[in-house]
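Quick notes on the structure that follows.
Here is the naming used below: chain letters follow the sequence lines, and residue numbers restart at 1 for every chain.
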Amino acid sequence: MANAADAHAHDDHGDHYPGFFSRWFCSTNHKDIGTVYMFVSMFAALVGGGMSWFMRLELAEPGLQYLTGGAPDMQFYNVLLTAHGFLMVFFVVMPALIGGFGNWFVPLMIGAPDMAFPRMNNISLWLLIAGLALLLISAFVGSGVGTGWTVYPPLSSSIYHPGAAVDFGILSLHLAGASSILGAINFIVTIFNMRAPGMTLHKMPLFVWSILVTAFLLLLALPVLAGALTMLLTDRNFGTAFFDPAAGGDPVLWQHLFWFFGHPEVYIIILPAFGLISQIVSTFSKKPVFGYLGMAYAMVAIGVVGFVVWAHHMYTVGLDVDTRAYFTAATLVIAVPTGVKIFSWLATMWGGSIEFKTPMLYAFGFIFLFVMGGVTGVTLANSSADLVFHDTYFVVAHFHYVMAIAAIFAMFAGWYYWIGKMSGKQYNETLGKIQFWMFFVGVNILFFPQHFAGLAGMPRRIPDYPDAYAGWNYVSSVGALITAVGTMLFFWILYRTYAAGTKAEQNPWGEGATTLEWHVPSPAPFHTFEDQPDMSGKQPAE
Amino acid sequence: MAKPQQKDARRNVRTALACASLVAGMVGLAYASVPLYKLFCQVTGLGGTPGIEAAAPEQATDIDFTVRFDANINPTLPWTFKPVQRAVNLKLGEEGLAFYTATNNSDHPITGTATFNVTPLKIGQYFVKIDCFCFTEQTLQPGETVDMPVTFYVDPEIRQDRSTEEVTTITLSYTFYPKKSETDGQVSALKQKSTPVDIGG
Ligand code: HEM
Ligand SMILES: [Cu+2]
């Protein structure tokens, strides 16, 4: 952060920067807030990543090697697993893609001077940081939160998780949720009301479209999670029985509510990635995106259909066969707009003069991983097949490909694409490419073998396993090691960029980069577009 | 310049309020889903929720059917709870009667309630209860044993439904719990032990 501050401070665009404390702690500037979001995300990524590497270390061989303090502590594994899931979903991917890139580039791309409610923007940021603190504290309260990120009762009820840890976890998610809801409102108001004259909705860059759709998903999904979490909180502490069958409740109701939020949540994570990848593919193919309107409305369609497929996570709870048939069919329908996106990216590249800079490599990587995960997703959508795959490592492999690692690839793509604009310094292209190949090879060695372990029946959420699964687990852990080295290399590149990067040009990518952020200097000055540009008569700026 | 800016600000607040009411509406829906969900299960019989009627149909069929009985007990309830008969053979549409027996093994009176369902889950809507001990709370004195009746019938419609026509045996299952307010003491006793229930390994 200090580096970021310096990088800005040495520029003289005639802007007046506030002092260090008021600039970074009380910021109302969309760029500074975006920058802090990025660093919060990176911090959480190191913690959440550290936990995952520790889990992979333990899983490298059968038996318990590192979880043997006193009595073999399975609860500790569960705590790591839960914190890893929460951290990655709520405090790494969402802050980076929505809070970080969204804050930075939505106002720039629509030619607005800032977000609609700059102070509320600051509140969002600090609610998130408070949520992160509560989550980290929860790991040290009693025996921690070992519920998995799905928090199913009765495991999460007071019988199996007495003590305050789960209550801390619930409050943490409440804060993170409130932060996201305020942020979403801010984005919607900004995008609807503050576009430059002449920039109609149908001319907005696809990244802005993706944030708009995501913001609506947040508004519709997060309150349901908040409601369910509150019911769980009162069940645990105030004698209500929403999920307690002893007094007429039903634990399966939790699953319905959780997944009504949970499935849209995976689109909340991946839609901003879609938007970002569209910008990058277009820039480095030096062509406008193929089928712009189709791309925009495919995201809308994915968002809408995403709300009626939730029970594909619940095929094993005893749904009757007609219900399962419906959820299978509805889930398969989502493959259609998703296919529109994939084929439009390919069509954009087709015949373009493609430049393989690091962001484009990551965009390729994203498409590859997303398609891989999509194929296993279509498999899992079939309720009859899922009865077998449910809760095995096949599912772990699937969602890491389609959502987790794909989102990380989009984050890297966005970072390499925009770091010149954000910091005024350009990264080292050779190191960037090495980092991409390390990461790409690493994650595939890490997650591909998990398909095989899962098909062979290895359950998820276990710290130990029968010897039969030893081979692929070892390979997977080697992949985790390569991924960890790739991650460290990224932080080295980040440090070198801020410390000794070459001066970034206003537009380092040439004719393909047409959106408005490339029309302001690098780094983007503290205040931009005080006078809004006139966009009438211009092409859609994808 | 001041004028249009004020107008913008008001427009922004209006959009934000519209968003906020959407959020409030969704929180409301989350809570509304609780009664709706129960209603849904009762109406459709999904998840093995049996129906309730005042009496069996006038005319029974001559199709044979078997109903089996299962009993479970929450570990915090110091009772013994068993079906008196393992199974009953009856005709579709015929009224059946079965007994469960429960004993309070503790030295104080305890009130319990029973939850119930039937398997296969898909036949919930065709299993109909006429009267059942599970409709009310049961209080047992120390050492007391009671026989508790349940009357029911199986709706002959079960043979008209393509997805249930092959079923010839169903299992009626009960789980007895201490009444919620009576468990609170036990739960807080559990809470005092700082480690959760042993999760194996
Ligand atoms: C750095 C690379 C990563 C590694 C090595 C890794 C590893 C793991 C491992 C070992 C598990 C536990 C599997 C089990 O025991 O069932 C897991 C679960 C999980 N991971 Fe990751 N992961 C990584 C990245 C991510 C990312 C980026 C995300 C999300 C955006 C993510 C989301 C999750 C979720 C949601 C779970 C499930 C937690 C649960 O079962 O409650 N992971 N991961
Ligand atoms: Cu889903």
Side-chain angles (χ1 to χ4, degrees), chain A residues 64 71-75 78 116-117 120 142-143 146 155 157-163 181 184-186 188-190 192-194 215-216 219-228 230-231 239 241-242 244-250 252-253 256-257 260-261 317-323 463-464, chain B residues 8-9 11-20 22-34 37-38 41 44-48 74 76-77 112-113 115 117 119-122 124 163 175-181 183-184 186-188 190-201:
Chain A
L64 292 176
D73 195 349
M74 310 300 195
Q75 171 71 0
N78 293 344
F117 303 106
M120 192 162 94
S143 48
L155 179 57
S157 310
S158 42
I159 311 173
Y160 296 102
H161 272 87
I181 288 176
I185 293 178
N186 222 335
I188 291 176
V189 176
T190 308
F192 275 162
N193 296 350
M194 293 172 64
F216 273 104
L219 289 193
L220 294 171
L222 278 173
V224 177
L225 175 70
T230 308
M231 293 179 204
F242 291 103
D244 180 2
D250 186 349
V252 176
L253 174 62
H256 282 291
L257 291 174
F260 185 85
F261 146 80
V317 302
L319 301 176
D320 76 306
V321 71
D322 293 340
T323 312
D464 188 9
Chain B
D8 282 356
R11 191 157 79 118
N12 286 353
V13 170
R14 239 184 295 129
T15 315
L17 286 180
C19 295
L22 198 62
V23 171
M26 289 310 290
V27 175
L29 269 186
Y31 274 87
S33 75
V34 177
Y37 176 74
K38 268 193 202 133
C41 292
T44 60
L46 284 183
N74 183 283
T76 56
L77 182 66
T113 52
T115 61
N117 78 337
T119 43
L121 299 172
K122 62 185 179 184
S163 69
T175 305
F176 244 107
Y177 292 89
K179 207 180 128 195
K180 177 88 174 173
S181 62
T183 49
D184 287 353
Q186 277 143 340
V187 170
S188 45
L190 258 171
K191 268 187 185 164
Q192 260 135 45
K193 293 196 296 168
S194 71
T195 45
V197 174
D198 189 285
I199 47 166

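- A:Ser157 does not touch chain B: none of its heavy atoms, backbone or side chain, sits under 4.5 Å away.
- Note: B:Met26 CE to A:Phe260 CZ = 4.5 Å, rounded to the nearest 0.5 Å.
- Only the side chain of A:Leu257 comes within less than 4.5 Å of a heavy atom in chain B; its backbone stays farther off.
- Of all the heavy atoms in B:Asn74 and B:Thr175, the pair that sits closest is N-CG2, 4.4 Å.
- Residue contact with chain B, scored on non-hydrogen atoms closer than 4.5 Å, is absent for A:Met120.
- Inter-residue side-chain proximity for A:Leu222 and A:Phe261 is flagged as met; some heavy-atom pair is nearer than 4.5 Å.
- Looking at A:Thr190, its side chain does come within 3.5 Å of a backbone N or O of A:Ala116 through a donor-acceptor pair.
- Note: B:Cys19 leads B:Gly28, B:Cys19, B:Gly25 in heavy-atom pairs under 4.5 Å with chain A.
- The part of A:Ile181 that comes within reach of chain B is its side chain, from C-beta onward, which places non-hydrogen atoms under 4.5 angstrom from that chain.
- With a 4.5 Å cut-off on non-hydrogen atoms, A:Phe117 touches chain B through its side chain but not through its backbone.
- Residues satisfying the ring-ring contact (aromatic ring centres under 6.0 Å, His included) criterion with B:Phe176, sequence neighbours excluded, are B:Trp79, B:Phe81.
- With sequence neighbours excluded, no residue forms a side chain to side chain donor-acceptor pair (under 3.5 Å) with A:Asp322.
- For A:Asn186, no part lies near chain B; criterion is any non-hydrogen pair under 4.5 Å.
- Comparing A:Ile188, A:Leu220, A:Val224 by how many heavy-atom pairs each has under 4.5 Å with chain B, the most go to A:Leu220.
- When all heavy atoms are compared, the tightest approach of A:Leu155 to A:Tyr160 is O-CB, 3.4 Å.
- Comparing A:Val189, A:Asn193, A:Val321 by how many heavy-atom pairs each has under 4.5 Å with chain B, the most go to A:Asn193.
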